[in-house]
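Letters A, B, ... are given to chains in the order of the sequence lines, protein chains preceding strands, and every chain is numbered from 1. Every value quoted in this text rests on a predicted model; they were computed, and no experiment measured them. We use all heavy atoms of the structure for the numbers below, so side chains are in, but hydrogens, waters and symmetry mates are not.
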Number of protein chains: 2
Amino acid sequence: MNRRIPDSTVRRISHYLRALEVMGVQGTPTVSSEELAQQGGTTAAQVRKDLSHFGSFGKRGLGYSVPELASRLRDILGLTCRWRVVLVGAGRIGSALFEYPHFARRGYDCVAVLDNDPEKIGMSWGPVRIRPVEELELVVDALKVDIAILAVPAEAAQTLAERAVAAGARAILNFAAVQLRVPAHVHVAYVNLVVELEALSFAITQNGKGRRK
Amino acid sequence: MNRRIPDSTVRRISHYLRALEVMGVQGTPTVSSEELAQQGGTTAAQVRKDLSHFGSFGKRGLGYSVPELASRLRDILGLTCRWRVVLVGAGRIGSALFEYPHFARRGYDCVAVLDNDPEKIGMSWGPVRIRPVEELELVVDALKVDIAILAVPAEAAQTLAERAVAAGARAILNFAAVQLRVPAHVHVAYVNLVVELEALSFAITQNGKGRRK
DNA sequence: ATGCGCTTGTGAAATTGGTCACAATGTAGG
DNA sequence: CCTACATTGTGACCAATTTCACAAGCGCAT
C-alpha cells in the first residue's frame, strides 16, 4: 500500500464516503465492493484497488462494515478536523457556496468573506461580516486560514491566489476560468462550469452530429 | 489524427480557447505552443499533441495565428451553434448559473427553468418564467433541449436525469453529489464542490500533516 | 538563393492508471 | 470440525496518456 495516490482515486473515495453515509443512515451494516462500485459509478475491482492504497478494511467473504469504512475514509480524506476557509468574492457563486448546507456540516468553517464592492462590504451574511478584499493577508494570517476559495472574475484570480499563498494559505479552490500558477506545495482544485459545458457540446457534436432537429 | 479523443485533451482545448480569446482582445497576432502551455497550465509538447488530434493548425518556425486557432477550436468544441439548455432547480446554484454572464455569450441558451417549489413557480427570471418540474418532459421535447442542467438535491438527481433522457436530452451537467446512471449515448459532466474540497483536504493532510498551527 | 534559427507535428518510449484472475481468508451450516 | 461459499487484497497484465526527441517546414537576413 501507499506511495503516491492517483487523483482519481481520491475523488472516488469521496464518492464512496457519500454512498456509505447514505447507507449508514439507512442502517445497512455491511457492504461489498460490488455494491459500493454501483453507487460510485465504477467497478468492484476498482473499489478494492482504491481502498488497498490505504490498507485493508474489509473482511473476506463478508465485505466492509459500513460505519467502520466510513470512519476510515473520513480519516483518509482529512475530514476529522475542521478546516478554516476564506471565501473571496461575495457574488452569486460565493453566496451559493456560503449557503450550501453540506459545506459547514462536512468540516469546513467559512471564517471570513471578502469582496471589493463597497456596496457589499459591511453586510452581514449570517454570523460573518463581509470585509474588503484588502484584508486578505490579514485574515489568512490571523485566522490561520487553510483554504482560500476564489469566486472572483478570471482577471483577479491569479493575483489573489498569490496573495493568499504568500499569507500562508495551503490550498485554493478556484471557480475562475483560469489556470493558476502557484508554488508546488500549494494545492489547487478547479470548479469550472465552462469547461464542463464545452466538454459536453464537444461530446454531442462528435456523436450525433450537431444539435437536435 | 483523430480516433477517440481523451477527455483531458478536450478540457485543455477549452482552456486554450479561453487564453486565445484574451490574446485576441489584446491584439496578439500569433502564439507559440510554449506560450499557450503557460496559460493552460501544461507543457508545449502537450499542447501540440492535443491539437494534433484534430489537424495541424500552426506554421513551423512561427507558431499559431491567434484568431485562426481560436476559430478552429470553437469549431472543434461545437461552439459555432447555440445549444438549448434546460435548468432544473431554481435554487442558489441554479440562480448563480443563470446569471453567469459567459453562459449565454458562449452559445448556451437557457430555454426554460424548472423547480418544484410552489413559491418559485411562476416567478420570472429575466425573460424566462419558472415552471413546475412536472413539465420537464414537455419542455425537453417541445423546445428540443440538448442539455439538461441538474441543480437539485442528490436524492432527486437520478430520477430527473432519467426523465430528461427519456424525453430526448443528450447531455447532462450534474451539480448533485451522485454518480448518474444513464444510457451510454448520453454524456454526463459533473460539477461537484464537495469532491473538490475533499481532494484538497486530502492533499493538505498528506503533505503538511494536519491543519495550520 | 542559401543558410540559420525557431517552432511545429509526430512516432517511439516511458509512465500512469485500470482491469483481471486468483490465492487467501473469512462466515455459515451441517 | 469440515465443507461450501462469498468476497477481499494483490500481483501480473493491459490500455491510455504524457513525455521525449527529432526530422520537417517556414521566414528572415544576408
**Q** If I take atom NE2 in residue A:His53 and atom P in nucleotide D:dG9, what distance separates them, rounded to the nearest angstrom?
**A**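 From A:His53 NE2 to D:dG9 P: 13 Å.
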**Q** Taking CZ in A:Arg11 as the centre, count heavy atoms belonging to other residues, nucleotides or ligands within less than 6.0 Å. Is the count above 12?
**A**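 Yes.
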**Q** Please determine whether a side-chain nitrogen or oxygen atom of B:Ser33 lies at a distance below 4.0 Å from atom OP1 or OP2 of C:dT8.
**A**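 Yes, such a contact exists.
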**Q** OP1 or OP2 of C:dT7 versus the side-chain N and O atoms of B:Ser32: is any pair under 4.0 Å?
**A** no
**Q** Looking across every strand, which nucleic acid part, if any, lies under 4.0 Å from A:Thr9 by heavy atom: base, sugar-phosphate, or nothing?
**A**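 It contacts nothing in the nucleic acid.
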**Q** State plainly whether the residues A:Arg163 and A:Glu134 are in salt-bridge range, i.e. N to O under 4.0 Å.
**A**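 Salt bridge: no.
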**Q** For the atom pair CG (B:Leu97) and OH (B:Tyr108), what is the distance rounded to the nearest 0.5 Å?
**A**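 Here the interatomic distance stands at 12.5 Å.
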**Q** Using a cut-off of strictly less than 4.0 Å, decide whether A:Ser8 has a side-chain nitrogen or oxygen near OP1 or OP2 of C:dG18.
**A**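 It does, given that an N or O in the side chain of A:Ser8 lies less than 4.0 Å from OP1 or OP2 of C:dG18.
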**Q** Looking at the side chain of A:Pro6, which of D:dA24, C:dA12, C:dG17 is the nearest nucleotide?
**A**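 Output: C:dG17.
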**Q** Atom NZ of B:Lys59 and atom P of D:dG27: how far apart are they, to the nearest Å?
**A**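 Checked: the NZ to P distance equals 7 Å.
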**Q** Are A:Arg48 and D:dG9 close enough that a side-chain N or O sits under 4.0 Å from OP1 or OP2?
**A** no
**Q** Out of C:dG26, C:dG17, D:dT18, which has the shortest distance to the side chain of A:Arg4?
**A**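 Among C:dG26, C:dG17, D:dT18, the one nearest the side chain of A:Arg4 is C:dG17.
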**Q** May I have the distance from A:Leu62 (atom CG) to C:dG29 (atom C1'), rounded to whole angstrom?
**A**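 Value for this atom pair: 16 Å.
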**Q** Looking only at side-chain atoms of A:Arg60, point me to the closest of C:dT8, D:dT18, D:dT7.
**A** D:dT7
**Q** Round to the nearest Å and state the distance from A:Phe57 atom CZ to D:dT8 atom P.
**A** 14 Å
**Q** Give a yes/no on whether any side-chain N or O of A:Arg12 is located under 4.0 angstrom from OP1 or OP2 of C:dG18.
**A** yes
**Q** B:Ile5 pairs by side chain to side chain contact (heavy atoms under 4.5 Å, CB included) with which of B:Asp50, B:Ile76, B:Val10, B:Ile13?
**A**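 Checked B:Asp50, B:Ile76, B:Val10, B:Ile13 against B:Ile5; only one passes side chain to side chain contact (heavy atoms under 4.5 Å, CB included): B:Val10.
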**Q** Any Lys/Arg nitrogen of B:Glu198 or A:Arg106 sitting under 4.0 Å from an Asp/Glu carboxylate oxygen of the other?
**A**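 Between A:Arg106 and B:Glu198 there is a salt bridge, with a charged N closer than 4.0 Å to a carboxylate O.
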**Q** Is the distance from OP1 or OP2 of C:dG9 to the nearest side-chain N or O of B:Tyr64 less than 4.0 Å?
**A** yes
**Q** Taking only N and O in the side chain of B:Gln46, is any of them less than 4.0 Å away from OP1 or OP2 of D:dT17?
**A** no
